[in-house]
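Notes for the one structure printed next.
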Amino acid sequence: MKVLILTPYFDKPGGVAVYFSSLKKVMGNNYEFFFRGNKSTIRSSKVIFQYILDYSKFLIHLINNQYDIYLINTSFATTGCTRDQVYIQILKFLNKKVVVFFHGWDKEFELKIDKYNQSNAYPLKSFKRVDSMVVLASEFKEKLVSWGFNQKIHIETTVVDSFLTDGLIPRKIWNEHHNFPIVFLFIARIEKEKGIFEAVNLFRELQNQLSNKQLQFKIAGSGSALDSLKDYVQSEMITNIEFLGHISGKEKKDAFLSSHIFLFPSMHGEGMPICLLEAMAFGLPLVTSIVGGVKDFFIEGKMGISINPPEALSTETVGKIQDLLSNLDTIQEISDYNFQFAKENFYAKEVAKRLEDILKETI
């Protein structure tokens, strides 16, 4: 089976680039990549010219190469669907097998499709011609089915980079000593919709309620809300918070290894937040909102605690976290469970094998 995968360049930020830069390390030589879009991280005002250039390059590539199946990776959003409907039309005109993988899901675009009854209009009309689809949450699949998509729709996950998982073993999360700080970790873009202000306020409340415990909060990432977040922490005199900035590679691995609880009260329209999968791979219990595809696998109590971000400071939420922090045996059980679950479901080899099965089934 020879496969051509359409993706953005691997050095661009975003879930698709991370997904395939991870899988490429374990994929065979029968997988090839066609990179579309510009290499710059700056959005160009001349995007239409980039599209035309990419379509031309793609046609030339098709003339010179033959594949059994084509995998188009995109986002369910105005931009992604408008751009990639052209690739679908080209491939279906040539009677090729096509799989579409929606990595992102824009709720506003979904509402627009519903409001104006556009599920049978372009660009979505082109997507109804593909042979199978992949999404990151059952709710996305249900929405597509309700719009009349009748091809096979698979539910998949994102992936944890093998660089992070190489050499990982189950950990004794408390390191067998008692005079330790309990370290909370947040790794994501620093944006208000990611729930970072709710996370900081929750951490402050936990410090007030658990004055007999040493608590720390490490915040990693960059984004448009970073400066205002730092100002807020300073003005509110919230102590024991460390800003790590954007981290990757060994720094990221060290951050997970030196932390005990992963805090992620996101309110964003997530597909499958890779930071949660990474945290589980390192055996961290989760304190998280149940967004996107997370609700398809999250088990309350076994993987951690689910919270509703607007109620992050409620007596119930704070109480649940206090109970968790007071029971080290439970934390260790959750750590062991999350480590094993991630190993069986989110490691690159496992994800690559499932994707290969989907492609073979579609052929």
Side-chain angles (χ1 to χ4, degrees), residues 107 137 139 181-244 255-256 259-280 284-327 330-331 334-335 338:
K107 283 291 186 179
E139 66 178 275
I182 300 172
V183 180
F184 290 80
L185 178 65
F186 176 99
I187 297 182
R189 287 185 295 108
I190 309 301
E191 309 290 349
K192 287 185 178 180
E193 64 267 22
K194 290 288 188 177
I196 184 57
F197 285 88
E198 285 74 13
V200 165
N201 287 330
L202 176 56
F203 175 74
R204 174 174 56 181
E205 183 64 21
L206 289 170
Q207 285 198 112
N208 293 337
Q209 296 291 335
L210 300 170
S211 57
N212 61 323
K213 293 184 181 293
Q214 299 178 54
L215 303 183
Q216 291 183 2
F217 189 15
K218 295 182 179 181
I219 298 173
S222 59
S224 64
L226 179 58
D227 289 340
S228 60
L229 178 65
K230 288 181 176 179
D231 291 342
Y232 179 76
V233 168
Q234 183 176 13
S235 66
E236 295 291 318
M237 294 184 289
I238 306 173
T239 58
N240 300 315
I241 291 182
E242 180 182 2
F243 291 94
L244 304 180
F256 279 117
S259 301
H260 305 112
I261 305 288
F262 194 77
L263 184 54
F264 189 67
S266 177
M267 297 171 286
H268 184 59
E270 307 282 353
M272 176 78 71
I274 192 170
C275 60
L276 289 183
L277 278 55
E278 292 170 340
M280 292 180 71
L284 298 189
L286 307 178
V287 176
T288 181
S289 52
I290 305 303
V291 289
V294 177
K295 68 182 67 172
D296 293 320
F297 70 82
F298 186 83
I299 304 173
E300 183 76 23
K302 275 189 170 295
M303 295 179 173
I305 295 170
S306 64
I307 64 174
N308 180 17
E311 300 174 1
L313 299 182
S314 69
T315 302
E316 180 183 2
T317 298
V318 174
K320 287 197 297 184
I321 300 173
Q322 284 179 290
D323 291 343
L324 176 66
L325 297 181
S326 66
N327 193 329
T330 298
I331 289 179
I334 294 173
S335 175
N338 284 356

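Remember, it's a predicted structure, so these values are computed and weren't measured experimentally.
Around atom NZ of K192, no more than 12 heavy atoms belonging to other residues, nucleotides or ligands sit under 6.0 Å away. More than 12 heavy atoms of other residues, nucleotides or ligands lie within 6.0 Å of NZ in K107, so this atom counts as buried by the packing criterion.
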Checking side-chain contact (heavy atoms from CB on, under 4.5 Å) for the pair F184/L202: CA distance, chi angles, key distance, verdict? CA-CA 11 Å; F184 290 80; L202 176 56; over 6 Å; no
Stepwise side-chain contact (heavy atoms from CB on, under 4.5 Å) check, H268 with E191: CA-CA 9 Å; H268 184 59; E191 309 290 349; over 6 Å; no
Just do the side-chain contact (heavy atoms from CB on, under 4.5 Å) check on L324 and I261 with the steps written out, would you? CA-CA 10 Å; L324 176 66; I261 305 288; 4.3 Å; yes
Mind running side-chain contact (heavy atoms from CB on, under 4.5 Å) on M272 and L277 for me, showing each step along the way? CA-CA 8 Å; M272 176 78 71; L277 278 55; 3.9 Å; yes
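Here CG of L244 is found 6.5 Å from NZ of K218. Values are rounded to the nearest 0.5 Å. Residue F262 holds its CZ atom at 5.5 Å from CG of L185, rounded to the nearest 0.5 Å.
Side-chain contact check for F243 versus V233: some heavy-atom pair is nearer than 4.5 Å. Looking at heavy atoms from C-beta onward, V318 lies in side-chain contact with Q209 at the 4.5 angstrom threshold. For the pair L313 and N201, the minimum side-chain heavy-atom distance is below 4.5 Å.
Looking only at distances, no side-chain donor or acceptor of S289 sits under 3.5 Å from a matching main-chain atom of P309. Counting only distance, with no hydrogens or angles, the side chain of Q322 and the backbone of L206 share no donor-acceptor pair below 3.5 Å. Counting only distance, with no hydrogens or angles, the side chain of Q207 and the backbone of T239 share a donor-acceptor pair below 3.5 Å.
A donor-acceptor contact closer than 3.5 angstrom links the side chains of E300 and S306.
Aromatic ring orientation, F197 versus Y232: perpendicular (interplanar angle above 60°, classes split at 30° and 60°). Note on ring orientation: taking the six-membered ring where Trp is involved, the planes of F186 and F264 are tilted (angle from 30° to 60°).
Contact between P273 and V294 at its shortest, heavy atoms only, is CD-CG2, 3.6 Å.
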